[in-house]
Amino acid sequence: MPDITSYSLAPLNRTFQENDLLHLLRRCLFGIGHQEFSFFNNKPLSNCLDILLIQSPVPPMLAQEDPDLTDPFVPNGQQWVDAPWENNDIDRKRRIYLKGWWTGQIINRDYSLTEKMVIFWHNHFVTETEMVRDARYSYRYAVMLREFALGNFKKLIRTGTTNPAMLVYLNGNTNSKVAPNENYGRELLELFTIGKENKQNYNEDDVKEAARVLTGWKDDKEKIAVNFHPELHDTSDKNFSSFFGNAIIKGKEGMAGAQETDELIELIFGKEQTAQFVCRNLYRWFVSPQLDEKIETEIIAPLGRVFIENNFEIKPVLRVLLGSEHFFDPAFRGCIVKSPVDFFIGASKQFELALPPLPSDTHLCWIHYNFTLGGLGMMVGDPPSVAGWPAFYQAPKYHQWWINTYTLSFRMKIIDNLTTTEGMNCNGPRVKIDLVNFASKFKDPANVSALVEDCLNLLCAVEINQAIKDKLKVILNGSETSARQWNEDWSKLNAHPNDINQIKEIECILDAFFKKIISLPEYQMM
Amino acid sequence: MNRRKFIRNSGIAALLPFVLNALQACSPNKTKKSNRIFVIIQLDGGNDGLNTLIPLDNYGLLAAARSNLLIPENKVLRIKGSSNTALHPALEGIRDLYEDNLISFVQGVGYSNPSYSHFRSSDVWLTGSDSATVLHTGWAARFLQTRYMNYPAGFPNGEHPEPPAIKIGDTGTYLFQGSEMDMSIVIDPTEGFETHPVESSSGELAGMAGKETKSIREMLLQAERYSKVVKNALSVSFNHSKSYPEPGKNPLADQLKKVAQLINGGLQTSVYLVDLKGFDTHNSQVDPSDATKGLHADLLGKLSQAITCFLDDIKGMGRENEVAGMTFSEFGRRIMSNASYGTDHGSSQPLLFFGSQIKGGILGTNPVIPEKITVNDNLVLQYDYRSVYASVLKNWFEAPETAVNEILYGNFPQLQIFKDEKQLSIS
């Protein structure tokens, strides 16, 4: 890549500056505003990383909330995650709650990498809630991602291999000695661990052997459990290709057959491609979608070694990558297109959107957010396929996949909704952004030049040219000639903070001002 | 209007050799403008061709391979003129269209060394590559680039006010990815088409961020440039076929309805992509108690209904000579079924063509079912899928041979999918 100067994973050696902090936060948190910035400002980089790398605890699930829903097992106000599966109509409601709850966790995110990593793993190790069709199972999948978000990747894969949602999603639960089903075996190798990018690789026979190893696991819908059934297990030896060193996983009778699954995981994780594959995906996620030979050798390969040396714990890898010279190279500022979660939830966080006080209203908002994310192409809980979202894997466009004539227009419409007087209708309750409050938190909001500079500094990861800055000033001032208008208006509001007319006037100006910024293609970058 | 007619009528026949030479000199592969429209239906997930176009010879072997999925022989839909091949019972609408000579099937379409990965195989079909080569532009985009040369520079213009391609849905597609940029406008089937004003930047940012923002800006500007012509087309009212189901009941029908609206509204875009999701039937492809029902049956029913309504609309607006289409999927499915009433990924598949300019009938022979079937067996390749594309480009869009060979990176024999030239009505 022509612009990159540093290919070093060594820790950042120079002063950690404000623009470095903004870059780090933009990549690690969904949306950064005043609060996030002031929390981390003036902390050294290692301290920031410490905070970012604390895994959040798993939050409790929403209780049943619909008084009109006739759920014979779960009265209103009670938990449903351990309740029986009654029928698809009830389960559909639970699935909507689940996805709303998940979205709510992102909206309520703390200052750690947890939510970003949960989505990273969700995209990497996919199940689709609407295909699993059991909200209790998908809940357990979501909890698993949270438990391993900043944890151990090998354990995540082993746990996920016999997670009930995964067994349903990729047909592990009907994979038997009599009729093997390759689905999970194939995707385990192709998408979850080794990947297919390397020339020297596993082959179709390995897929079949992996499938045979995995025979015998079944989910139990009644007990919400997963069991190994020796009678369904293929007990012959499994012979792997030269890529796996011609390894043989000896077939085992009885319950011992379950151990073969552990052996398969060991075999897969014994290949350095597994560590490299994940590190490559992390690189695309946090640094840039474009990789070349040099990045492979200088960054991915060493990062892979860090991963292996730390027995597949993710934190050491993230600490190295996110603290490195390479990560803070100026070439990467603002080079990633915001995903829908980054854009929509990010903007909501950035502008300090307030959720309604009543919990049931808040939950309706979470659900509405989830649906809206779906409209933008990224419904949390339901990636479009087992490969995840194309923006994260489809070369060469990658993140430009989020952007087409429909989604760009929709992104703008969403901001329009959030900034109107009544706000965005979340199927009942409404939410809006208070732009006056947001503007007031800048250092010197009365000063036109300062306000323009400070807003762009916080909101845009990319340098904005003078022509646009001038246009922004004109919006604030109301005309090209006047230089004192905004200053006067703002001072008037400060003097009379409850004057409805003054508030409305300022709101109107700020609405045009911030919409102009948000409609810039530059605002789509992070 | 056909170029030859125009030149004859305008009395500049004497200038003809000069004009043609000049054109050749500038753009030997430029394809001429026409009113013909092609609608591509992508079936996402891998369609089980064996249960779609059902071979009746050797039903016993088929039963041995997939007894838990097999449509009972007395329940298949017989089609006129064929004793050996039948349709899935959910395809009644297709059967009726077939008997009106509006449907062709091409058997055994695929490519050698097929990929069994959804993503890779889908990319192959959309980019027109062979198994070992990775291409980054769509085959349709490469064709459209011969018509909209150097797109986006200079477009829209007087001769071509329309977007080169339209994707109905909310995501883009590789099919329309050109060498410079996406050549499509994406239109949601339920929403209108909205655009927002965009600042054309006066300063160019360097580096990666600059490149990305430039792409986004270009996309916004393109949407703005095409907004009027698209909105105009959407605003023309049209009495759609009464057979369309309610919105939301059949997503493919919703999408094709939008396409019909745009065509009737006078939009001159020549290629559309629509899709139907859900074909990856590893599990529960059929209802265990009734193989004529289930997931696959529902999907084929939607396909049948959508194409029927769409052709109804096209007829209603008098454009049947100008509109044709096809279905494709990233692969067919395994001959042998699995224990969960489903099938794993397979290789070749039958493709379906629709429209009044389609020749009609079945190209190719029934798939051969091996006697000693194993789970690894797949259907034999009869036609390379690029032959199908070559036929579309040469016979439907009348692209020059040299252009087609460049677009498809090879010379692929055409197939008799469309009515022959004498019968193809002039648009």
Side-chain angles (χ1 to χ4, degrees), chain A residues 1-3 170-171 173-174 176 178-183 186 190 196 204 208 288 290 330-337 375-377 384-387 390 393-397 399-401 403-410 412-413 461-463 465-468 471 516 519-522 524-525, chain B residues 44-45 116-120 123 134 136 163 167 169-172 174 177 182 184-188 191 193-199 201-220 222-223 226-227 277 280 282-283 336-340 342 344-345 375-376:
Chain A
M1 304 284 142
D3 316 304
L170 291 179
N171 318 125
N173 64 346
T174 56
S176 71
V178 159
N181 187 312
E182 294 166 12
N183 209 358
R186 177 182 303 284
E190 181 175 335
K196 273 199 132 166
E204 277 296 309
K208 293 185 164 62
S288 155
Q290 305 302 337
F332 298 121
R333 302 301 152 101
C335 79
I336 293 184
V337 176
L376 287 170
S385 80
V386 62
Y393 66 79
Q394 185 73 67
K397 266 173 87 156
H399 51 177
Q400 288 284 352
W401 266 96
I403 303 296
N404 61 56
T405 49
Y406 171 69
T407 54
L408 270 181
S409 149
F410 192 18
M412 295 306 138
K413 198 153 104 171
V462 165
E463 190 61 47
N465 67 51
Q466 193 56 45
I468 293 177
K471 288 198 177 157
K516 180 121 200 107
S519 67
L520 293 171
E522 285 82 354
Q524 301 298 334
M525 310 307 300
Chain B
D44 290 334
Y116 296 95
S117 153
H118 290 292
F119 323 101
R120 176 62 195 138
D123 287 353
V134 176
H136 293 306
K167 165 77 167 51
D170 54 22
T171 58
Y174 232 157
Q177 183 63 35
D182 186 340
S184 70
I185 297 290
V186 178
I187 298 179
D188 182 89
E191 311 269 326
F193 184 66
E194 296 300 327
T195 56
H196 274 71
V198 57
E199 206 63 51
S201 175
S202 56
E204 283 274 309
L205 261 179
M208 288 188 250
K211 193 163 150 280
E212 302 300 341
T213 47
K214 187 169 176 224
S215 283
I216 296 177
R217 182 164 268 114
E218 197 43 58
M219 177 78 69
L220 281 166
Q222 276 305 82
Y226 286 118
S227 94
K277 298 190 198 334
D280 192 23
H282 283 278
N283 257 17
M336 195 164 165
S337 59
N338 61 35
S340 12
D344 281 327
H345 303 174
V375 73
N376 298 332

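Residue numbering restarts at 1 for every chain, and letters A, B, ... go by the order of the sequence lines. Quantities reported herein were computed from a predicted structural model and do not represent experimental measurements.
For the side chain to side chain contact (heavy atoms under 4.5 Å, CB included) with B:Glu212, the lone residue among A:Gln524, A:Glu522, A:His399 that qualifies is A:His399.
The distance from the CZ atom of A:Arg186 to the OH atom of B:Tyr116 is 8.5 Å, given to the nearest 0.5 Å. Atom OG1 of A:Thr405 is separated from atom CD of B:Gln222 by 10.0 Å, given to the nearest 0.5 angstrom. Note that the CG atom of B:Asp280 and the CG atom of A:Asn171 stand 8.0 Å from one another [nearest 0.5 Å]. Annotation: the span from A:Met412 atom CE to B:Leu220 atom CG amounts to 6.5 Å, rounded to 0.5 Å. Between the OG atom in A:Ser288 and the CE atom in B:Met208 there is a gap of 5.0 Å [rounded to 0.5 Å]. Separating the CZ atom in B:Arg217 from the CG atom in A:Leu408 is a distance of 11.5 Å, to the nearest 0.5 Å.
In this structure, chain B has a heavy atom under 4.5 Å from the side chain of A:Val337, while its backbone stays farther away. Proximity to chain A is absent for every atom of B:Asp44, based on heavy atoms less than 4.5 angstrom apart. Neither the backbone nor the side chain of B:Tyr226 comes within contact range of chain A, judged by heavy atoms closer than 4.5 Å. With a 4.5 Å cut-off on non-hydrogen atoms, B:Asp188 touches chain A through its backbone and its side chain both. Only the side chain of A:Met525 has a heavy atom closer than 4.5 Å to any heavy atom of chain B. With a 4.5 Å cut-off on non-hydrogen atoms, A:Gln466 does not touch chain B at all. Neither the backbone nor the side chain of A:Phe410 comes within contact range of chain B; no heavy atom of the residue lies under 4.5 Å from a heavy atom of that chain.
A donor-acceptor pair under 3.5 Å is formed between the side chain of A:Asn404 and the backbone N or O of B:Asp170. A donor-acceptor pair is defined here as one N or O able to donate and one able to accept, closer than 3.5 Å; such a pair exists between the side chain of A:Ser409 and the backbone of B:Glu194.
With a 6.0 Å radius and a threshold of 12 heavy atoms from other residues, nucleotides or ligands, B:Glu218 has its CD atom above the threshold.
Closest of all the heavy-atom pairs between A:Asp3 and B:Gly207 is OD2-CA, 3.4 Å. The shortest heavy-atom contact between B:Tyr174 and A:Trp401 is N-CH2, 3.9 Å. When all heavy atoms are compared, the tightest approach of B:Ala209 to A:Gly334 is CB-O, 3.3 Å.
In terms of non-hydrogen atom pairs under 4.5 Å with chain B, the most contact-rich of A:Asn173, A:Thr174, A:Val386 is A:Thr174. Across A:Thr407, A:Asn181, A:Val462, the residue that shares the most heavy-atom pairs under 4.5 angstrom with chain B is A:Asn181. Listed options A:Ala179, A:Pro384, A:Pro521 were ranked by heavy-atom pairs under 4.5 angstrom with chain B; first place goes to A:Pro521. Contact count versus chain B (heavy atoms, under 4.5 Å) is highest, among A:Ala461, A:Ser519, A:Pro180, A:Pro396, for A:Pro396. Most heavy-atom pairs under 4.5 Å with chain B, from the set A:Lys397, A:Arg333, A:Glu463: that is A:Lys397. When B:Ser227, B:Gly169, B:Ser215, B:Gly172 are compared by the number of non-hydrogen pairs under 4.5 Å with chain A, B:Gly172 comes out ahead.
Ion pairing of A:Lys413 with B:Glu191 is present here, as a side-chain N (NZ or NE/NH1/NH2) and a carboxylate O approach within less than 4.0 Å.
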Open item on the list: Applying side chain to side chain contact (heavy atoms under 4.5 Å, CB included) to B:Ser117 and A:Glu190, what does each step give before you reach the verdict?
Closed with: CA-CA 9 Å; B:Ser117 153; A:Glu190 181 175 335; 2.9 Å; yes
Task: Worked verdict on B:Asn376 versus A:Lys208 for side chain to side chain contact (heavy atoms under 4.5 Å, CB included) - done: CA-CA 10 Å; B:Asn376 298 332; A:Lys208 293 185 164 62; 2.5 Å; yes
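No side-chain N or O of B:Asn338 forms a donor-acceptor pair with one of A:Glu182 less than 3.5 Å apart.
Proximity of B:Asp182 to A:Gln400: side-chain heavy atoms (C-beta onward) are nowhere separated by under 4.5 Å.
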